[in-house]
Asker: 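Here's a structure for you.
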2 protein chains.
Amino acid sequence: MARVTTSPTFKRLPRAVREQQMLDAAVRVFSRRGFHAASMDEIAEDAGISKPMVYAYLGTKEELFIACLHREGTRLMEAIVAGVGADLPPDEQLWRGLRAFFGFVGAHRDGWAVLYRQARAQQPFAGALSTMRERMVEVVSAMLVQALAAEGREVRDMDLQVMAYALVGASESLADWLADHPDADPDKTATRMMNFAWVGAAHLLHGETWHAAP
Amino acid sequence: MARVTTSPTFKRLPRAVREQQMLDAAVRVFSRRGFHAASMDEIAEDAGISKPMVYAYLGTKEELFIACLHREGTRLMEAIVAGVGADLPPDEQLWRGLRAFFGFVGAHRDGWAVLYRQARAQQPFAGALSTMRERMVEVVSAMLVQALAAEGREVRDMDLQVMAYALVGASESLADWLADHPDADPDKTATRMMNFAWVGAAHLLHGETWHAAP
DNA sequence: GCGTAACCTTACGTGCGAGTAGGTATGATG
DNA sequence: CATCATACCTACTCGCACGTAAGGTTACGC
């Protein structure tokens, strides 16, 4: 033991910085290996640090994963709410929301999308994720309610909820597709989603098409 | 060693039967634990058999999982193609397809849905699953092409593919929802999906509604 | 009735990876 | 310069679960 320490090629860094580096590494490794197959050793190595540091700063493997989930989730939410204005017409709101969403996923392909896939499958995290999804469904539902109010119509709560769920689900699916196709264009994907969701298949087939305002 | 064998409460069974029991158990355990957290011991115990039997009949853990995936996937596909007639009008085709799909998921809640979630997340199986998904997208695409031909229209291949993808994705999402809500009714879910997919949000909001033929 | 093949078991070997013990450098503060 | 906290490391322990060796027991054909 007591080997001469490796030449101090890398400087010491304050905790906050290292934590971010670790989270970056963790997201990378979790996304390419999956939660269980990812080893703490690999994460530590990828972060350019040794394992006990990870335990010291971010705690156990589960806690680390939760931290990843939390950071990425927050970023996504912020990206979306930053894009969508509150008192715009519903189609414009939806369009901006989708645009922000797919833009974000496109910029964080391997990071976010696969992390999402992970959380959905692994038992302990399903809860944490579904909370986030609930929030998105809430947002979409609210939007739909607003649109309905403007029309003077009403729809049963359940139907609305499920519709919002379908919308969110379809978006997640296309996000997966986007994450797997590096050449695909986020904006184009958003436009396609918009057409599917807003105009509807039947009217799409009749030639009706929604498009972004010029 | 050489303990007196446990009283032969359970008879010896032919291979084919035991294999099915093992697959049943495997689906149950994989779905409630996730691939990695599931142990071969637990699967064996759940099947009422000892571990080496599982290895003898179905092979390694990965192979076992693939076998589950294969059986469930085949069943689903059969359920769907059995339901949908080839030369019906497109909306009727879609409706029957959705009905069959949600009916199947409703009947195999914990089994199929969670298994699907697993395969999507775990590295080695993503391929096997995506093959199946491709087939479904193919089917849906073909249906859309047929519908378009009837209208004398044309759409770029890419757009069509992505639309089919969105449709399949939205369905999978609602299937997840269905799997998590034991009280929900599969047919009702199918109807909601049909409304979302066929009529489109915009026209739904204007009061237009698709419904099953009486 | 007796061999042979299929069915089924208990009881391991083994490797990998989560988590930890205990110690070393380095910078800030008096 | 002492001293204290923070950053960081090497080198372990330990349990879990995959996969297997080696052997028992029932059925069935001849």
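Chain identifiers are assigned alphabetically (A, B, ...) following the order of the sequence lines, protein sequences preceding nucleic acid strands; residue numbering begins at 1 within each chain. These numbers come from a predicted model, not from an experiment. Just so it is clear, the values below take in all heavy atoms, side chains as well, and ignore hydrogens, waters and symmetry mates.
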Asker: May I ask you to say whether B:Arg75 pairs ionically with B:Glu72, meaning some side-chain N is under 4.0 Å from a carboxylate O?
Answerer: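 Salt bridge present between B:Arg75 and B:Glu72.
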
Asker: Rounded to the nearest Å, what distance is computed from the CE atom of residue A:Met53 to the P atom of nucleotide D:dA11?
Answerer: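 It is 17 Å, rounded to the nearest whole Å.
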
Asker: I'd like to know whether CD of A:Glu45 has more than 12 heavy-atom contacts from other residues, nucleotides or ligands below 6.0 angstrom.
Answerer: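 12 or below, so no.
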
Asker: Hey, could you give me each pair passing salt bridge (charged side-chain N to carboxylate O under 4.0 Å, His left out) that has a residue in residues 123-138 of chain B? Not counting sequence neighbours.
Answerer: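 Sorted result for residues 123-138 of chain B: B:Arg133-B:Glu172.
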
Asker: Does D:dA7 have OP1 or OP2 under 4.0 Å away from a side-chain N or O of A:Tyr57?
Answerer: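 Yes, A:Tyr57 has a side-chain N/O under 4.0 Å of OP1/OP2 on D:dA7.
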
Asker: Tell me: CZ of A:Arg15 to P of D:dA5, nearest whole Å?
Answerer: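 Checked: the CZ to P distance equals 16 Å.
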
Asker: Tell me the interatomic distance from A:Arg18, atom CZ, to D:dC9, atom C1', rounded to whole angstroms.
Answerer: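 Result: 12 Å.
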
Asker: Please enumerate all protein N or O atoms sitting under 3.5 Å from an N or O of nucleotides 18-20 of chain C, with distances to 0.1 Å.
Answerer:
unit_1: C:dA18; atom_1: OP1; unit_2: A:Ala38; atom_2: O; d: 3.2
unit_1: C:dA18; atom_1: OP1; unit_2: A:Lys61; atom_2: NZ; d: 3.1
unit_1: C:dA18; atom_1: OP2; unit_2: A:Met40; atom_2: N; d: 2.8
unit_1: C:dG19; atom_1: OP1; unit_2: A:Thr60; atom_2: OG1; d: 3.0
unit_1: C:dG19; atom_1: OP2; unit_2: A:Tyr55; atom_2: OH; d: 3.3
unit_1: C:dG19; atom_1: OP2; unit_2: A:Thr60; atom_2: OG1; d: 2.7
unit_1: C:dG19; atom_1: OP2; unit_2: A:Lys61; atom_2: N; d: 3.0
unit_1: C:dG19; atom_1: N7; unit_2: A:Lys51; atom_2: NZ; d: 3.0
unit_1: C:dG19; atom_1: O6; unit_2: A:Lys51; atom_2: NZ; d: 2.7

Asker: Between B:Leu174 and A:Ala166, what is the shortest heavy-atom contact and its length?
Answerer: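 B:Leu174 and A:Ala166 have their closest heavy atoms at CD2-N, 4.0 Å.
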
Asker: For nucleotides 14-16 of chain D, print each protein N/O atom paired with a nucleotide N/O atom at under 3.5 Å, atom names and distance only.
Answerer:
none

Asker: Do any side-chain atoms of residues 53-62 of chain A form donor-acceptor pairs under 3.5 angstrom with protein atoms, and if so which ones, sequence neighbours left out?
Answerer:
unit_1: A:Lys61; atom_1: NZ; unit_2: A:Phe35; atom_2: O; d: 3.1
unit_1: A:Lys61; atom_1: NZ; unit_2: A:His36; atom_2: O; d: 3.3
unit_1: A:Lys61; atom_1: NZ; unit_2: A:Ala38; atom_2: O; d: 2.9

Asker: Expressed as a whole number of angstroms, how long is the span from A:Leu64:CG to C:dG17:C1'?
Answerer: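 Going from A:Leu64 (CG) to C:dG17 (C1'), I get 15 Å.
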
Asker: Which whole-number value in Å describes the distance from B:Glu19 CD to C:dC8 P?
Answerer: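 Between P of C:dC8 and CD of B:Glu19: 11 Å.
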
Asker: Which pairs pass salt bridge (charged side-chain N to carboxylate O under 4.0 Å, His left out) with one or both residues in residues 24-36 of chain A, sequence neighbours excluded?
Answerer: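 Passing the test, one end in residues 24-36 of chain A: A:Asp24-A:Arg71, A:Arg28-A:Asp46, A:Arg32-A:Glu42, A:Arg32-A:Asp46, A:Arg33-A:Glu42.
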
Asker: Of the nucleotides D:dC9, C:dT9, D:dA7, which one has an atom closest to the side chain of A:Ile49?
Answerer: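 The answer is D:dC9, which lies nearest to the side chain.
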
Asker: Let me confirm one number: the OH-CG distance from B:Tyr116 to B:Asp176, rounded to the nearest 0.5 Å.
Answerer: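 Between atom OH of B:Tyr116 and atom CG of B:Asp176 there are 10.0 Å.
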
Asker: To the nearest Å, how far apart are A:Glu42 CD and C:dC16 P?
Answerer: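 Going from CD in A:Glu42 over to P in C:dC16 covers 14 Å.
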
Asker: Provide, to the nearest angstrom, the distance between the CD atom belonging to A:Glu45 and the C1' atom belonging to D:dT10.
Answerer: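 Roughly 15 Å, once rounded to whole Å.
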
Asker: What is the distance, rounded to the nearest whole Å, between atom CZ of B:Arg12 and atom P of C:dC7?
Answerer: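 Interatomic distance, CZ of B:Arg12 to P of C:dC7: 8 Å.
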
Asker: Considering only heavy atoms from C-beta outward, does the side chain of A:Met136 approach that of A:Ile80 to under 4.5 Å?
Answerer: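 With C-beta onward as the side chain, the pair touches.
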
Asker: Name all residues meeting the side chain to side chain contact (heavy atoms under 4.5 Å, CB included) criterion together with B:Ser31; count only those two or more places apart in sequence or in a different chain, and write none if there are none.
Answerer: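 B:Ser31 satisfies side chain to side chain contact (heavy atoms under 4.5 Å, CB included) with B:Asp110, B:Val114 once adjacent residues are dropped.
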
